[in-house]
2 protein chains.
Amino acid sequence: MGERAPLWHRVPDLAALELLLAVARLGSLGRAAAELGISQPAASGRIRTMEKLLGVPLVERSPRGSRLTRAGALVTDWARRVVEAAEAFDAGAQALRADRDSRLRVAASMTIAEYLMPGWLIALRAARPDTAVSLLAGNSQFVAERLLAGDADVGFVEGPALPPGLDGAVIARDRLVVAVAPAHPWARRSAPVRAEELAATPLILREEGSGTRQVLDDALGRHAAPLLELASTTAVKAAAVGGMGPCVLSELALTEELSTRRLVEVPLADVTLTRRLRAVWRPGPHPAGPARDLLALTRTPTR
Amino acid sequence: MGERAPLWHRVPDLAALELLLAVARLGSLGRAAAELGISQPAASGRIRTMEKLLGVPLVERSPRGSRLTRAGALVTDWARRVVEAAEAFDAGAQALRADRDSRLRVAASMTIAEYLMPGWLIALRAARPDTAVSLLAGNSQFVAERLLAGDADVGFVEGPALPPGLDGAVIARDRLVVAVAPAHPWARRSAPVRAEELAATPLILREEGSGTRQVLDDALGRHAAPLLELASTTAVKAAAVGGMGPCVLSELALTEELSTRRLVEVPLADVTLTRRLRAVWRPGPHPAGPARDLLALTRTPTR
DNA sequence: TCCACTCATAACCGCGCCTTATGAGCTCAT
DNA sequence: ATGAGCTCATAAGGCGCGGTTATGAGTGGA
């Protein structure tokens with residue numbers, strides 16, 4: 001990932017990107033400025049600065065408003081993805097900041113907190129704008145402790161078993177995916193990989209003791225032989241993208257890489273690497289109130 | 001999507017997020033500062049500002065370096081997604097700016113330019129850092145014109161037919177997906193939806209004449225009855241998320257919504273809504289040089 | 001013809017962030 | 001033990017970006 005020049009000198013800041021989205025939506029610099037609470041000249045200047053930075057005219061100004069140019073429409077679409085990521089960031093950060101007196105206190109495993117919670121929080125904010133959520137993240141045991149100690153109202157964990165002393169419901173299934181760089185031989189295979197072949201192949205994996213590792217060993221009926229053992233999802237992906245070998249990770253962690261084809265999924269023949277994602281709570285009736293709202297969002301439809 | 005307070009007051013700017021990633025990777029404020037070309041106090045201050053903004057300590061400082069706190073690790077993961085979106089933005093913008101004297105001139109349909117090109121450009125930059133790419137985006141006819149006029153070396157189009165006068169190869173298949181908000185009855189269906197039922201249901205669609213619309217009408221054997229006709233992918237998604245009804249869009253456009261479950265895919269019984277994505281070029285031998293490099297990235301493995 | 005709307009220009013100003021210089025704390029090697 | 005070498009924090013000063021208000025120019029409709 002070696003960059004020559006810093007990214008933030010080539011990408012407009014979030015305020016400018018959001019302004020561009022507002023201009024696209026409202027069709028006027030002035031109205032966009034008003035919506036964002038800045039003056040019209042400020043908006044005008046910002047867009048101008050952005051156009052100079054990108055070297056391309058983005059909006060066509062006319063006495064009756066402003067429309068995006070063709071390039072502007074494209075840039076706006078790309079900008080939207082940055083802003084959406086920023087919104088997910090904000091939703092997560094807000095929950096992290098919110099103190100223990102929140103209306104809804106959630107504890108979640110790292111994987112779920114990382115990949116699913118921001119989306120859920122955004123959806124929850126849309127459905128129930130007045131629900132303040134706080135988020136604690138840790139491993140399954142940590143989640144169970146917080147729940148039992150009364151520090152959290154709902155928890156989310158991944159793994160084969162329901163933690164002892166808690167009630168819960170399966171909300172989704174998480175599939176582990178074997179993925180390789182497009183240049184890897186397995187990317188071109190016509191036949192799916194069979195369990196024994198997978199077990200015999202050195203893989204790039206999370207460290208021993210991780211949930212991923214556990215599921216994989218169970219499914220293969222023995223210990224997978226690691227080519228590399230890395231401590232973070234990010235490091236595993238980077239190694240696989242670099243062509244070091246096949247990696248095994250949750251599909252949650254791989255969505256991005258698979259859809260842009262930085263990595264390619266390897267079809268498997270006689271193994272199914274799934275684990276359950278569960279919502280958990282203190283024993284008793286199903287949670288009510290805000291917790292119930294959140295669960296309604298997360299529960300997978302019967303399929 | 002009404003926000004009460006502006007987003008950029010609650011989310012650190014890109015420079016700060018990238019700094020956080022550098023700190024996570026390098027384990028030291030000072031080294032991160034050096035990598036980004038700023039002074040150590042500037043980095044220290046930036047992180048501090050970010051912690052104050054988020055209301056959560058992010059890094060644990062020690063005389064031997066800085067490590068992320070648990071919350072910091074989570075924030076960093078969320079930050080990584082923002083930065084990745086910004087990198088895609090940059091890759092696209094750079095190609096838009098690059099003048100006609102680039103080494104590789106690409107023309108692409110809007111959908112492909114929007115969803116696939118940034119990823120391809122990033123991959124190409126990783127593989128061949130010295131290849132300057134320029135990008136022109138328009139509809140299929142526009143792409144064909146640019147190629148035939150010699151203004152572009154390779155093109156990418158979606159649609160059933162190869163544009164007349166060009167050679168090409170199918171690089172991927174794009175599936176149209178019927179999706180509904182999680183609250184919609186179809187989200188809970190156990191039985192897949194059949195063609196006739198789909199045809200009889202008012203749908204949220206792109207406007208007449210769009211590629212999406214064409215494929216849908218072909219597959220249903222008649223004109224789909226639109227509930228709403230909207231001019232942009234974004235508007236269609238927003239309407240569907242708002243629960244107005246089922247929408248039909250490329251899976252490329254829906255990846256994000258489906259994985260965060262803002263929308264749910266509706267399984268179909270006896271219709272397959274696919275269209276081919278093609279690379280196209282002027283008649284003759286397969287492109288060589290930079291164009292060939294790009295095609296190698298985009299071609300789907302035989303599966 | 002004049003009003004209502006668009007965006008652009010100009011002049012001013014203040015906040016924010018960066019810089020350099022320095023200090024304090026910890027670890028380790030000599 | 002003690003000082004070198006690393007860490008991060010604090011302090012003081014200055015520059016620049018991006019904001020504001022005030023105004024003007026252009027266009028279209030009443």
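Here the structure is a predicted model, which is why all the values come from computation and not from measurement. In what follows, every chain begins at residue 1, and chains take the letters A, B, ... in the order their sequences are listed.
Where A:Gly37 and A:Pro63 each meet DNA chain D at their nearest nucleotide, the meeting point lying more 5' is that of A:Gly37. Nearest-nucleotide positions on DNA chain D for A:Gly45 and A:Arg64 put A:Gly45 closer to the 5' end.
Atom CG in A:Leu29 sits about 10 Å away from atom C1' in C:dA8, given to the nearest Å. Between A:Asp13 atom CG and C:dG16 atom C1' there is a gap of 13 Å when expressed in whole angstrom units.
Distances from the side chain of B:Gln40 to the nucleotides D:dT20, D:dC8, C:dT19 place D:dC8 closest. The side chain of A:Pro41 sits closest to C:dT9 out of C:dT20, C:dT9, D:dG19. Here D:dC8 is the nucleotide among C:dC7, D:dC8, C:dT19 with the atom lying nearest to any side-chain atom of B:Ser28. Of the candidates D:dG19, D:dA9, D:dA22, the closest approach to any side-chain atom of B:Arg48 belongs to D:dA9. Ranking D:dA9, C:dC7, C:dC18 by closeness to the A:Arg61 side chain, first place goes to C:dC7.
The aromatic rings of B:Phe89 and A:Trp78 sit perpendicular, their planes meeting at an angle over 60°, well past the 30° parallel limit.
Between B:Arg125 and B:Asp90 there is a salt bridge, since a side-chain N of the basic residue sits under 4.0 Å from a carboxylate O of the acidic one. A salt bridge is defined here as a Lys NZ or Arg NE, NH1 or NH2 lying under 4.0 Å from an Asp or Glu carboxylate O, and A:Glu87 with A:Arg81 fails to meet this definition. Ion pair B:Asp13/B:Arg46 flagged as a salt bridge, since at least one NZ, NE, NH1 or NH2 atom sits closer than 4.0 Å to an Asp/Glu carboxylate oxygen.
At D:dC8, one or more side-chain N or O atoms of B:Ser66 fall inside 4.0 Å of OP1 or OP2 (strictly under the cut-off).
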